2 protein chains.
Amino acid sequence: MKPVSNASKDTQKRILDIAEQLLLTRGFNAFSYQHISSALGVRNAAVHYHFPRKTDLGVALVQRYRRRFARFMEAHASLDPLQQLEGYFELTDAYFQQDEQICPSGILTTEYHTLPEEIQLEANAFITEMRDWAKTIARRGRDERVMTYPGTPEAMGEVMFAALQGGLQLARIDAGILDTIKQQIRDLLKVEKS
Amino acid sequence: MKPVSNASKDTQKRILDIAEQLLLTRGFNAFSYQHISSALGVRNAAVHYHFPRKTDLGVALVQRYRRRFARFMEAHASLDPLQQLEGYFELTDAYFQQDEQICPSGILTTEYHTLPEEIQLEANAFITEMRDWAKTIARRGRDERVMTYPGTPEAMGEVMFAALQGGLQLARIDAGILDTIKQQIRDLLKVEKS
DNA sequence: ATCACTCTACTTACTGGTTAGTAAGGTGTC
DNA sequence: GACACCTTACTAACCAGTAAGTAGAGTGAT
């Protein structure tokens with residue numbers, strides 16, 4: 001149990017918060033330690049003190065997403081599939097409403113070939129977890145006879161996830177597209193908006 | 001009508017070809033004039049001679065996409081909707097098979113907030129054209145009674161386009177996802193693979 | 001209680017590399 | 001000799017990352 005001061009923990013969290021905002025609006029390659037340090041009111045080297053290399057910061061960001069998404073799944077585990085679907089939609093909306101952020105998986109896959117391997121590995125795990133959650137909703141929806149669709153739950157989950165990822169990006173061009181896609185997914189699953 | 005030498009036209013085309021490859025694999029912010037000039041075997045300033053600012057190069061790239069996509073639509077205009085759908089799928093496949101490239105609209109929307117306004121405007125127009133084509137396929141498919149789906153053709157087109165855009169990106173994590181999504185779209189439209 | 005010491009969380013000051021972009025000069029072709 | 005198409009040589013800004021120093025808070029011995 002190593003003691004970490006409150007100041008350190010707080011600064012570290014604030015760095016992650018600022019970096020997250022920059023990641024989801026500008027992408028990993030288009031933000032610098034300067035952006036973070038000036039937003040935080042400290043010097044460049046202070047950021048390097050907490051996250052020596054930018055790769056460390058990237059890995060920490062994705063790991064935090066994974067912990068957060070694990071808590072999200074846990075909180076929604078006992079809900080029925082229709083509520084889980086709406087919860088998934090709300091998560092998507094929440095991104096866009098905050099500075100037109102997009103889903104982290106969209107950033108990570110688009111910039112994939114330019115990312116350090118350590119971040120790629122975390123991204124793989126994170127995205128697999130998100131895709132699996134979409135598939136789980138589709139599977140439970142069919143098992144509990146509240147969703148009706150052709151094909152396998154796996155395929156339906158992939159389409160739902162891919163459409164929301166793409167939809168979030170396209171919403172930057174046309175904000176209305178996100179609602180259209182959410183409603184069409186409901187229609188394709190033959191469910192009513194709850 | 002200003003005369004342009006063959007050498008110039010050729011170099012200009014080769015710059016665009018290299019830049020396109022870099023754009024679709026690395027993104028606009030993650031490639032430089034150095035990347036292009038070294039791949040082309042010329043000096044940095046030679047690229048600036050043809051495209052003074054990087055913005056000029058970006059605009060030229062998107063405009064070329066638009067011309068190319070216009071020709072694509074013209075070539076497929078007289079086909080039946082099922083063939084148009086498969087043509088759309090083939091276009092998607094072609095991107096991925098070439099160095100895991102993704103759809104330009106995925107790059108442009110993901111990096112949107114970091115792009116110069118001139119490129120944003122071209123991107124808006126290009127993406128609108130691609131989305132409209134997807135909607136046209138969905139509309140004609142229903143009108144000619146070869147596709148069956150809930151919701152409006154507009155909504156179905158948006159979901160198809162967004163799912164393919166997201167699917168291309170996710171294919172970098174799991175190559176199989178693209179085929180899964182294509183087949184699920186066929187199933188959702190109640191059409192057979194042609 | 002106070003001096004000596006240690007540690008955290010920074011700062012200042014820097015390096016070497018990369019970036020887009022430019023100015024001026026050269027060379028071959030019509 | 002005019003022009004297209006390049007080159008060499010450069011600038012200023014930015015990038016990630018580092019080395020060395022410091023202020024202040026806490027600790028421990030006397």
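Residue numbers start from 1 in every chain, and the chains themselves are labelled A, B, ... in the order their sequence lines are given, proteins ahead of strands. Just so you know, these numbers come straight off a predicted model, no measurement behind them.
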Nucleic acid contacts of residues 16-45 of chain A, taken as heavy-atom distances under 4.0 Å to DNA chain C
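By residue number: Val42(A), Arg43(A), Ala45(A).
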
Separation of [N] [atom2] from [X] [atom1] (nearest whole Å):
X: Phe51(B); N: dT19(C); atom1: CZ; atom2: P; answer: 19 Å
X: His48(B); N: dG25(C); atom1: NE2; atom2: P; answer: 20 Å
X: Lys54(B); N: dT18(C); atom1: NZ; atom2: C1'; answer: 12 Å

Counting side-chain heavy atoms from CB outward, which of dA20(C), dC10(C), dC6(D) is closest to Tyr49(B)?
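Looking only at heavy atoms from C-beta outward on Tyr49(B), the closest nucleotide is dC6(D).
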
Measuring from the side chain of Ala46(B) (C-beta onward, heavy atoms only), which nucleotide among dG21(C), dT11(C), dC6(D) has the closest atom?
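The answer is dC6(D).
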
If we count only N and O atoms by modelled type, under 3.5 Å, do the side chains of Thr25(A) and Gln98(A) hold a donor and an acceptor together?
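No, no side-chain donor-acceptor contact under 3.5 Å.
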
So Phe69(B) and Trp133(B), would you call those rings parallel, tilted or perpendicular, with 30° and 60° as cut-offs?
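It falls in the perpendicular class, over 60°.
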
Closest non-hydrogen atom pair between Leu188(B) and Tyr149(B), with its separation:
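In this case the closest contact between Leu188(B) and Tyr149(B) is O-CB, 3.8 Å.
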
Any heavy-atom pair between the side chains of Phe31(B) and Asn29(A) that's under 4.5 Å?
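The answer is no, as the side chains (C-beta and beyond) never meet within the 4.5 Å cut-off.
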
dC10(C) OP1/OP2 closer than 4.0 Å to side-chain N/O of Thr11(A)
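Answer yes for this pair, as a side-chain N or O of Thr11(A) is under 4.0 Å from OP1 or OP2.
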
Looking at dC10(C), I'd like to know if its phosphate oxygens (OP1 or OP2) sit under 4.0 Å from a side-chain N or O belonging to His50(A).
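Result: yes.
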
Taking salt bridge (charged side-chain N to carboxylate O under 4.0 Å, His left out) as the test, write out the residues that go with Arg145(B), two or more places apart.
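Here no residue qualifies.
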
Measuring from Arg68(B):CZ to Met73(B):CE, what's the distance to the nearest 0.5 Å?
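Rounded to the nearest 0.5 Å, the CZ-CE separation comes to 13.5 Å.
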
